[in-house]
There are 2 protein chains.
Amino acid sequence: MSEATIGDVARRAGVSATTVSRFLAGQSVRAADTIRAAVEELDYRPSPVARSLRSGRTRSIALVVPDVTNPFFAAVVKGAEAVARQDDYNLCLYNTDENVDREVSVLADLVGRVDGLILAPTVESDEAPLRAHQAGLPVVFLDREIGGSPMFDAVLVDNAGGSRRAAEHLLDLGHRRIAIVNGTKHSTPGRQRREGFLETLKSRGVEPPEAYQELGDFREESGYQSVMRLLALEHPPTAIYVTNNLMTVGALRALHDIGVRVPDQVSLVGFDDLQLAALLQPPLTVVDRPMEEQGALAMRLLLGRLHETQDSAPRRIVLETKLLVRGSTAPPRDPAPIAATRNATAATRHPFHTSHRRPT
Amino acid sequence: MSEATIGDVARRAGVSATTVSRFLAGQSVRAADTIRAAVEELDYRPSPVARSLRSGRTRSIALVVPDVTNPFFAAVVKGAEAVARQDDYNLCLYNTDENVDREVSVLADLVGRVDGLILAPTVESDEAPLRAHQAGLPVVFLDREIGGSPMFDAVLVDNAGGSRRAAEHLLDLGHRRIAIVNGTKHSTPGRQRREGFLETLKSRGVEPPEAYQELGDFREESGYQSVMRLLALEHPPTAIYVTNNLMTVGALRALHDIGVRVPDQVSLVGFDDLQLAALLQPPLTVVDRPMEEQGALAMRLLLGRLHETQDSAPRRIVLETKLLVRGSTAPPRDPAPIAATRNATAATRHPFHTSHRRPT
DNA sequence: CTGAAAGCGCTAACAT
DNA sequence: ATGTTAGCGCTTTCAG
């Protein structure tokens, strides 16, 4: 027994459905009290579906993320959901598993199901969001964008800046043999974190060889494999920058399995904080950023867009990062004088060039 | 330009809307090719909302969890979403933040928006799910139940068994001064983990005093505060069982802040594994269980229910736990002979009774 | 202030 | 095999 309709209420209150509808819309109506009573007695709730059909709105927002079990995206979901519910929207969550095909198929079925879309696209070359947008679906990019998309709203993070901070930190400690474990090559964070890091190194005269530039996929296993390869090199790096949290977990596992001491033998910097990062031995140095806020902001941006009467210019919000220096980074092992000798000989054997730091 | 309707397709194909509808439903139709072409050219997609209004189904499932940022629930979401999408259902996610009011208000608005509900209720006394069920919404309980709910489907975990394993492990190591950090008192896992643990201790003659039974709320901060209190006791426990992952994180932080060595000074067992648990120093001993599976099973149960023609008896699935013994547990510090002396004097000063292990 | 009528897009009866 | 009609529940003209 459920399903009282507006007609039932109208009959009971002795008015027309129209009047009930007006009452529900807050207009002043003579039979207000009678109607209110009828609504209560029947426990009437307007059918959201019928309303949607009439209005063309669903009051639902789709949030499409690569992986909810990534603590960053879990936080994003939490932030976005909280804002959505404040405005009485509900959140449809889709997990793409960093899989472009899945993402494409999800987006293709979204028009008509939701009023808007918050998307963390897997690759920058994805065209599915364009189609969704053309089909009239407002899109906000989250954390990641697609290529040349200044026409879209986006909530991003200063990946390059965060990576710069990480790079400077390692350089300042005296590292020169610095490696990076990159994420998905053609995703925004993958590219920006890589570029921000390498450019900063370069500006200080350090250019990691190919072997020091690992290509991961933002998942734990690739972090593990990457670090395994790095440490198997004849001349392993003295510092490693791992460009996301899950790969950092893998990296830690690898270091642990090999028995490499951090930071004595190798320094480690991660991107994105982890719940236990501060409790590790040593506590992990990471590039941190607001997480729930990022989700909340994206949702706010989108809802604002929906309530807008005429569309204005796309908005881009770029959040700042913060380097949390903890214990996993330290000066490279070789002290200066010895290092000088060693590096001199090493340089002749090595495929990579390590110039001296420029005076700044 | 979007929004081609079935009428548009019909007109273009020179047939009636009904025929197009039949074609879409897979019935054999003379103008099949023409219609197919029209569908393609117009990029026609049936309106989900209109279909819902007609059919009374939404093809949406609500998943209501206390906290998505809890890695356990994040995994559950992932598992549930994957199964849902296989069957072309979408997932509406709601986060209650362990807040009963929020849960009640969410559930109240669910009828008509979704076809079914997977719920991890905050407290066992919650009646909102009953109302939802009476309103015709199939409900599957996940991880937690409400009081006396054998009429509902549920996917649970053997909390008591897991706690028994934890208790036996600590007892076998020789611990007697054993504390527990409980979760929300009236939630299923909160109660069962507590009871399973305490009963096992009791069966072996150990009965922790009140001061050794901390009441947390499944969140990190309460784990921190609880352990702080436990270690401030005149006679702190030699072992602590923390009944969920988030509180375990808090517990670790507390131990770290105070500078207590694990497992030398105190042994620690957590419930639910953490990504970094194995990498901590010492690696954490935990009660582990399937996580994504739990979400996937709940979704399968629910979808099965929806496709069922006539309702059958409620199904309950109880998953098994596994104790992962790692490094955070060890025999209590005091070796036997010294302990004997110490305990003897301690016993006179102590408010709690520690009997000798019964021969079993 | 109120009601009758029409229609959002789709599909199930009921004819043919 | 196909079309006509009607209606899912709601809101919005349009007339009073």
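Labels below follow one simple rule: chain letters A, B, ... track the order of the sequence lines, proteins then strands, and each chain is numbered from 1.
Under the 3.5 Å distance criterion, the side-chain polar atoms of B:D115 are matched with a main-chain donor or acceptor of B:R59.
Summary for the helix from C:dC1-D:dG16 to C:dT16-D:dA1: the axes at its two ends, each from 5 pairs, differ by 40° when rounded to the nearest 10 degrees.
Residue A:S28 is in sugar-phosphate contact alone, with no base atom involved, counting any heavy-atom pair closer than 4.0 Å across all strands shown. B:A25 comes within 4.0 angstrom of nothing in the nucleic acid, heavy atoms only. Note on B:S55: nothing from the nucleic acid sits closer than 4.0 angstrom, heavy atoms only.
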Kindly determine whether A:T188 and A:F141 satisfy side chain to side chain contact (heavy atoms under 4.5 Å, CB included), including the steps that lead there. CA-CA 11 Å; A:T188 312; A:F141 284 110; over 6 Å; no
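A:S312 is linked by a side chain to side chain donor-acceptor pair (under 3.5 Å) to A:R305, A:E308, counting only residues two or more places apart in sequence or in another chain. Every residue two or more places apart in sequence or in another chain was checked for a side chain to side chain donor-acceptor pair (under 3.5 Å) with B:D126, and none qualifies.
The CG atom of B:L137 lies 8.5 Å from the CG atom of B:L107; values are rounded to the nearest 0.5 Å.
Nucleotides of DNA chain D that come within less than 4.0 Å of any heavy atom of chain A span, from the 5' end to the 3' end, D:dG9 to D:dC14.
Listed by first and then second residue, the ring-ring contact (aromatic ring centres under 6.0 Å, His included) pairs involving residues 103-140 of chain B are B:H133-B:F152 (not counting sequence neighbours).
In B:R57, the CZ atom is not crowded: 12 or fewer heavy atoms of neighbouring residues, nucleotides or ligands sit closer than 6.0 Å.
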Give the B/S/- string for nucleotides 9-16 of chain C, one per nucleotide from 5' to 3', where a protein heavy atom under 4.0 Å of the base yields B, of only the sugar-phosphate yields S, and otherwise -. BBBBBB--
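For A:R85 and A:E81, the salt-bridge test passes: some basic side-chain N is under 4.0 Å from an acidic carboxylate O.
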